[in-house]
Undergrad: 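Pasting in a structure now, in structure tokens, and then I'll have a few things to ask.
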Amino acid sequence: MSLVARHLEANGIPTVIIGNARDIVEHCGVPRLVFNDFPLGSPCGQPNQPEMQRSIVGTALDLLESATGPRTTMQTSFTWWQGDDWKAKIFSQEQPWKDEESQKEWLAKKELYRQLKKEGKI
Amino acid sequence: MTHVRYIDKTREYYKSQGYEKPYGWANFDEVPFTPLKKPLAESRLALVSTSEVAVRTWDDQRTPLERGEGGNVYEIPSDTPASDIYSQSKSFDRFATTLEDVNAFFPVTRLKEFEAEGRFGSLAPTMLGVYNAYSQRKTREVDAPEVLSRLQSEAVDVALLTPV
């Protein structure tokens, strides 16, 4: 995502990212980021909360206009409706990032990618 | 509470899962910047997303990789009903949230509202999805230029990007 934003920006198209993983996006370095401190999966707001989503998307539109240089991050004031407990649990043994089936699927896709690359198909 | 350090967390997590080599997150000193060329109210905006969005009415729901193809950039017409769009992603916090509302990660309905109110000029006729390339080099050298050329072909002025 960040890599795409950088390429567009370098070629004359202003971009804004709305994201949840602030450290990853800022580590890469992007022109404009609206950071919403929510779990991965809900960058643009809580599901089924259109007013909140509107505010967050509106912040991104504002940032397109107001940013004067790269690495401009704007954090929204929203907090997750169930508190911050989710933060301590992610990527823990208690809550594996992917269930067994998705993990297998992920590894199979990675292997498929390697295979297709080897065959020169991608 | 401060924001999650995903880089540190994933490093520890995958080490505990037996992966020796830590993932090298992309990192650059220089960051490009382009100011708006015209007022947002006159600008054409495109929605671009890596949230693995798919359309329920597609005949083939497989990803390009699953079909044995290399292309990672794909199109969803902007007039597709939001209720037909969903995400196939498994890379989200399934303990804390859901992907049941497409506008929480692919805010097409919210953008149409802002467009109707004149907040920006127009939504580009086509929205773009970009699948994970499993290769940063491929994202930089193949997929990102592909996104650029598709946006240019629709005279897009600004882009809003969302992950899942």
Side-chain angles (χ1 to χ4, degrees), chain A residues 1-19 21-24 27-31 37 39-48 50 53-54 57-58 60-61 64-65 69-71 84 86-87 89-91 95 97-98 102 105-106 109-110 112-113 116 121-122, chain B residues 1 3-7 9-10 12-13 16 25-29 31-36 40 48 50 65 68-70 90-93 95-101 103-105 107 110-111 113-114 119-120 130 134 136 139-140 143-145 147-148 151 156-164:
Chain A
M1 180 92 291
S2 304
L3 297 173
V4 174
R6 292 172 52 89
H7 188 78
L8 296 178
E9 196 90 18
N11 288 279
I13 297 183
T15 62
V16 60
I17 292 178
I18 305 179
R22 179 175 188 157
D23 65 329
I24 293 174
H27 184 73
C28 181
V30 300
D37 197 5
L40 298 182
S42 302
C44 306
Q46 194 184 322
N48 306 311
Q53 295 165 3
R54 226 184 115 74
V57 175
L61 297 175
L64 276 169
E65 294 177 315
R71 294 188 192 275
D84 274 343
W86 62 273
K87 293 185 182 181
K89 291 183 189 158
I90 50 171
F91 289 101
Q95 291 190 356
W97 177 237
K98 286 184 168 137
S102 332
E105 205 179 293
W106 167 261
K109 277 191 189 174
K110 233 168 106 174
L112 181 59
Y113 171 77
L116 292 170
K121 288 185 181 160
I122 53 173
Chain B
M1 193 176 178
H3 64 272
V4 176
R5 267 54 175 184
Y6 285 99
I7 294 176
K9 283 238 181 202
T10 52
E12 287 161 25
Y13 179 76
S16 76
W25 295 96
N27 179 230
F28 299 91
D29 293 333
V31 181
F33 185 80
T34 301
L36 291 190
L40 198 56
V48 180
T50 53
L65 184 63
E69 296 165 7
K90 303 275 170 60
S91 294
F92 70 100
D93 190 341
F95 297 100
T97 191
T98 72
L99 302 183
E100 67 186 46
D101 176 8
N103 282 294
F105 50 87
R110 303 288 85 81
L111 286 174
E113 291 164 3
F114 281 116
R119 182 71 183 85
F120 58 88
V130 186
Y134 297 89
Q136 289 177 22
T139 302
R140 280 199 320 271
D143 298 338
V147 171
L148 175 68
L151 296 189
V156 165
D157 298 302
V158 296
L160 174 71
L161 294 88
T162 63
V164 74

Undergrad: Could you measure the distance from the CG atom of B:Asn103 to the CD atom of A:Gln46? Nearest 0.5 Å is fine.
TA: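 Here the rounded value is 13.5 Å.
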Undergrad: Please step through side chain to side chain contact (heavy atoms under 4.5 Å, CB included) for the pair B:Phe28 and A:Arg6, ending with a clear verdict.
TA: CA-CA 10 Å; B:Phe28 299 91; A:Arg6 292 172 52 89; 3.3 Å; yes
Undergrad: Of all heavy-atom pairs between B:Thr98 and A:Ser42, which one has the smallest distance, and what is that distance?
TA: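 Heavy atoms of B:Thr98 and A:Ser42 come nearest at O-OG, 4.3 Å.
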Undergrad: Evaluate side chain to side chain contact (heavy atoms under 4.5 Å, CB included) for A:Leu8 paired with B:Val147, printing each intermediate quantity in order.
TA: CA-CA 8 Å; A:Leu8 296 178; B:Val147 171; 4.0 Å; yes
Undergrad: At their closest point, which heavy atom of B:Leu65 faces which heavy atom of A:Tyr113, and how far apart are they?
TA: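 Nearest pair, atom of B:Leu65 first, then A:Tyr113: CD1-CA, 3.8 Å.
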Undergrad: Of the backbone (N, CA, C, O) and the side chain (C-beta and beyond), which part of A:Val16 lies under 4.5 Å from a heavy atom of chain B, both, or neither?
TA: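 Backbone plus side chain of A:Val16, per the 4.5 Å heavy-atom cut-off to chain B.
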Undergrad: With chain B as the partner, which of A:Pro39, A:Ala5, A:Ser2, A:Gly12 has the greatest number of non-hydrogen pairs under 4.5 Å?
TA: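 Highest number of heavy-atom pairs under 4.5 Å: A:Gly12.
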Undergrad: Between A:Leu112, A:Ile18, A:Leu116, who has the most heavy-atom pairs with chain B when the cutoff is under 4.5 Å?
TA: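 Sorted descending by pairs with chain B, the first entry is A:Ile18.
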Undergrad: Which bit of B:Glu12 is near chain A, if near means a heavy-atom gap under 4.5 Å: side chain, backbone, both or neither?
TA: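 It is neither, since no heavy atom gets under 4.5 Å.
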Undergrad: Do we see a donor-acceptor contact under 3.5 Å between the side chains of A:Gln95 and B:Asp93?
TA: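 On atom types as modelled, these side chains do not qualify, holding no pair under 3.5 Å.
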Undergrad: Chain A: which of B:His3, B:Glu69, B:Arg140, B:Lys9 shares the most heavy-atom pairs with it under 4.5 Å?
TA: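 Max contact count across the listed options: B:His3.
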Undergrad: Would you say the side chain of B:Thr34 lies within less than 4.5 Å of the side chain of A:Pro31, judging by non-hydrogen atoms?
TA: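 No, side chains not in contact.
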Undergrad: Please name the pair of heavy atoms, one in A:Leu3 and one in B:Gln136, separated by the smallest distance, quoted to 0.1 Å.
TA: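 So the two residues come closest at CD1-O, 3.9 Å.
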Undergrad: Measure B:Thr50 against the heavy atoms of chain A and call it side chain, backbone, both or neither at under 4.5 Å.
TA: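 It is both, since atoms from each part get that close.
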Undergrad: Of the backbone (N, CA, C, O) and the side chain (C-beta and beyond), which part of B:Pro35 lies under 4.5 Å from a heavy atom of chain A, both, or neither?
TA: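 For B:Pro35, the backbone is the part near chain A, not the side chain.
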Undergrad: Against chain B, label A:Leu61 side chain, backbone, both or neither, depending on which of its atoms sit under 4.5 Å from a heavy atom there.
TA: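 Answer is both: backbone and side chain atoms of A:Leu61 are under 4.5 Å from chain B.
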Undergrad: When the ring planes of A:Trp106 and B:Tyr134 are compared, do they come out parallel, tilted or perpendicular, using 30° and 60° as the limits?
TA: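 Tilted.
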Undergrad: Under a 4.5 Å cutoff for heavy-atom pairs, which residue among B:Asp101, B:Val130, B:Val158, B:Val4 has the most contacts with chain A?
TA: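 The residue among B:Asp101, B:Val130, B:Val158, B:Val4 with the greatest pair count is B:Asp101.
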Undergrad: Looking at B:Thr10, B:Leu148, B:Leu151, which makes the most heavy-atom pairs under 4.5 Å with chain A?
TA: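 Highest number of heavy-atom pairs under 4.5 Å: B:Leu148.
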Undergrad: Could you tell me which portion of B:Arg5 (side chain, backbone, both or neither) has an atom closer than 4.5 angstrom to a non-hydrogen atom of chain A?
TA: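 Both backbone and side chain of B:Arg5 come within 4.5 Å of chain A.
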Undergrad: With side chain to side chain contact (heavy atoms under 4.5 Å, CB included) as the criterion, how do A:Asn48 and B:Glu100 come out once you've worked through the C-alpha distance, each side chain's angles and the decisive distance to 0.1 Å?
TA: CA-CA 8 Å; A:Asn48 306 311; B:Glu100 67 186 46; 2.6 Å; yes
Undergrad: Under 4.5 Å from any heavy atom of chain A, what part of B:Asn27 do you find: side chain, backbone, both or neither?
TA: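 Interface part for B:Asn27: both.
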Undergrad: For A:Glu9 versus B:Pro32, what's the shortest heavy-atom pair and its separation?
TA: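 Closest heavy-atom pair between A:Glu9 and B:Pro32: CG-O, 3.5 Å.
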Undergrad: Let's test your reading of the structure: which of A:Leu64, A:Val30, A:Leu40, A:Asn11 forms the most heavy-atom pairs below 4.5 Å with chain B?
TA: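 Top option by heavy-atom pairs under 4.5 Å: A:Leu40.
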Undergrad: Taking the six-membered ring of B:Phe114 (Phe, Tyr or Trp), confirm whether the NZ or CZ of A:Arg54 is under 6.0 Å from its centre and within 45° of its axis.
TA: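 Satisfied, under 6.0 Å and within 45°.
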Undergrad: Give the C-alpha distance, both sets of side-chain angles, the deciding distance and a yes or no for side chain to side chain contact (heavy atoms under 4.5 Å, CB included) between A:Ile90 and B:Tyr6.
TA: CA-CA 9 Å; A:Ile90 50 171; B:Tyr6 285 99; 3.5 Å; yes
Undergrad: Flag the pair A:Val57 / B:Glu113 as yes when at least one side-chain heavy-atom distance between them is below 4.5 Å, and no otherwise.
TA: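 Answer no - side chains too far apart.
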Undergrad: Using non-hydrogen atoms and a 4.5 Å limit, figure out which bit of B:Leu99 sits close to chain A: side chain, backbone, both or neither.
TA: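 Side chain only.
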Undergrad: Might you point out which heavy atoms bring B:Ala104 and A:Gly45 nearest each other, and give the distance in Å?
TA: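 Looks like CB-O, 3.2 Å.
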Undergrad: Of the backbone (N, CA, C, O) and the side chain (C-beta and beyond), which part of A:Ala60 lies under 4.5 Å from a heavy atom of chain B, both, or neither?
TA: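 Looking at A:Ala60, just its side chain touches chain B.
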Undergrad: Hey, could you give me the OG1/CE distance between B:Thr139 and A:Met1, rounded to the nearest 0.5 Å?
TA: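 Between B:Thr139 OG1 and A:Met1 CE, I get 10.0 Å after rounding to 0.5 Å.
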Undergrad: Does any backbone or side-chain atom of A:Asp37 lie under 4.5 Å from a heavy atom of chain B? Answer side chain, backbone, both or neither.
TA: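 It is the side chain, since no backbone atom gets that close.
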Undergrad: Work out which heavy atom in A:Glu105 is nearest to a heavy atom in B:Lys90; give both atom names and the distance.
TA: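 Here A:Glu105 and B:Lys90 meet closest at OE1-NZ, 3.2 Å.
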